Amino acid sequence: MKHLLAALMLLLACTVARAQQWAVQTNLMDYLNFGTLNIEGAVAFHQHWSATAVAKLNPFHFKKGEEPLNARQQVLGAGVRYWPWHVYSGWWAGTRIQYQEYNRGGIRNPTTDEGDRWGLGISGGFSYMINPHLNIDIGAGVWGGWDRYTTYSCPVCGLVEDKGARPFILPNDLLLALVYVF
């Protein structure tokens, strides 16, 4: 799955056509999630369609007293957005295939979950044009798929409480993003 997403992102990055518009954005809301670094690239391939590729990374370790807090993740995704009026302007609806590797624990309770998720997501939002090169995007989405996980009793003890695989549906991309359009 990682290789498929990497190939899709490489294909998107290597695509060159006349009269294309490129955009790059960062989601400010992700930085509130323990400083998750993120970037999303987009290329318009039609008046109403754009292809997107997203990457997120949170390698940071935090502590609450002596107990560690983990909200680490790595995310790769690729998708498309439909723009009823014109790309990078107004309302949009999108879909994405996504992979996430995560380690989260010690935040609400002492257990720690880690694993891999892959699935499909849908989202929608609005892109407000500040000037010809700068937009603000707002939006939200959900994604679902398959989660292969391990639950530990605490962030450092290594005692396995539960292990397995299960389907999931989660919120995705609470979006307040700064977008630069080339």
Side-chain angles (χ1 to χ4, degrees), residues 1-60 71-104 116-146 168-182:
M1 185 64 144
K2 288 182 190 179
H3 300 296
L4 174 64
L5 289 173
L8 287 172
M9 291 173 65
L10 182 61
L11 179 64
L12 176 65
C14 294
T15 304
V16 177
R18 294 177 67 102
Q20 284 182 328
Q21 288 186 6
W22 294 81
V24 64
Q25 73 179 35
T26 189
N27 183 3
L28 303 177
M29 297 300 286
D30 277 341
Y31 295 106
L32 296 177
N33 181 17
F34 293 93
T36 300
L37 306 171
N38 67 89
I39 189 163
E40 182 171 332
V43 59
F45 60 89
H46 185 270
Q47 178 182 353
H48 299 288
W49 290 94
S50 63
T52 63
V54 65
K56 298 180 184 184
L57 175 65
N58 188 332
F60 306 115
R72 296 185 307 228
Q73 64 176 321
Q74 299 177 62
V75 176
L76 292 175
V80 294
R81 282 187 182 177
Y82 174 73
W83 304 79
W85 186 58
H86 196 280
V87 290
Y88 310 129
S89 179
W91 294 101
W92 56 266
T95 186
R96 176 190 304 164
I97 184 171
Q98 185 167 290
Y99 170 79
Q100 177 187 42
E101 182 180 2
Y102 66 94
N103 180 312
R104 186 170 193 88
D116 299 291
R117 293 183 181 128
W118 55 93
L120 297 172
I122 58 170
S123 58
F126 187 83
S127 188
Y128 178 74
M129 295 175 62
I130 295 173
N131 67 43
H133 294 288
L134 188 63
N135 291 2
I136 293 179
D137 272 10
I138 57 171
V142 297
W143 76 303
W146 199 250
F168 73 91
I169 296 178
L170 293 171
N172 191 34
D173 285 341
L174 183 56
L175 190 65
L176 176 60
L178 288 177
V179 184
Y180 185 81
V181 180
F182 296 90

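Since the model is a prediction, treat every value here as computed from it, not as a measurement. Because only heavy atoms are used, hydrogens play no part in the values below, and waters and symmetry mates are left out as well, while side chains stay in.
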Under the 3.5 angstrom rule, does the side chain of Asn131 hit a backbone N or O of Leu134 as a donor-acceptor pair? yes

Derivation and outcome, side-chain contact (heavy atoms from CB on, under 4.5 Å), residues Tyr99 and Asp116: CA-CA 7 Å; Tyr99 170 79; Asp116 299 291; 2.4 Å; yes

Which residue pairs pass the salt bridge (Lys or Arg N to Asp or Glu O under 4.0 Å) test when at least one of the two sits in residues 30-46, sequence neighbours left out? Asp30-Lys56, Glu40-Arg81, Glu40-Arg96

Val179 to Gln25 - nearest heavy-atom pair and separation: CG2-OE1, 3.1 Å

Hey, mind stepping through Phe34 and Phe60 against side-chain contact (heavy atoms from CB on, under 4.5 Å) and telling me if it holds? CA-CA 8 Å; Phe34 293 93; Phe60 306 115; over 6 Å; no

For the backbone of Pro84 and the side chain of His48, can you confirm whether one donor and one acceptor N or O come within less than 3.5 Å of each other? yes

Please determine whether side-chain contact (heavy atoms from CB on, under 4.5 Å) holds for the pair Trp118 and Trp146, giving the CA-CA distance in whole Å, both sets of side-chain angles, and the decisive distance to 0.1 Å. CA-CA 6 Å; Trp118 55 93; Trp146 199 250; 3.7 Å; yes

Minimum-distance pair of heavy atoms, taken over all atoms of Trp83 and Gly90: CZ3-O, 3.8 Å

Is Arg117 positioned over the aromatic face of Tyr102, cation under 6.0 angstrom from the ring centre and no more than 45 degrees off axis? yes

Nearest heavy atoms of Met129 and Ser89, plus distance in Å: SD-OG, 3.2 Å

For the side chain of Tyr128 and the backbone of Ile138, is there at least one donor-acceptor N/O pair under 3.5 Å apart? no

Do Val181 and Asn135 have side-chain heavy atoms sitting under 4.5 Å apart? yes

Minimum heavy-atom distance between Gln100 and Trp143, given as atom pair plus value: OE1-CZ2, 3.7 Å

Thr95 versus Val80: any side-chain heavy-atom pair under 4.5 Å? yes

Donor-acceptor pair, Asn172 side chain versus Gly121 backbone, under 3.5 Å? no

Can you name the side chain to side chain donor-acceptor pair (under 3.5 Å) partners of Trp92, sequence neighbours left out? none

With a sphere of 6.0 Å drawn around CG of Leu170, does it hold more than 12 non-hydrogen atoms of other residues, nucleotides or ligands? yes

Ring pair (Phe, Tyr, Trp, His ring centres under 6.0 Å) assessment of Phe182 paired with His133: CA-CA 6 Å; Phe182 296 90; His133 294 288; 8.1 Å; no

Shortest non-hydrogen contact from Asn27 to Leu174? ND2-O, 3.1 Å

Evaluate Ile136 against Ile130 for side-chain contact (heavy atoms from CB on, under 4.5 Å), listing each step before the verdict. CA-CA 7 Å; Ile136 293 179; Ile130 295 173; 3.4 Å; yes

Given the rule in the side chain to side chain donor-acceptor pair (under 3.5 Å) test, do Asp137 and Ser127 qualify, once you have shown the distances and angles that lead to the verdict? CA-CA 4 Å; Asp137 272 10; Ser127 188; 2.6 Å; yes

When you measure from the side chain of Thr26 to the backbone N and O of Asn38, does any donor-acceptor pair fall under 3.5 Å? yes

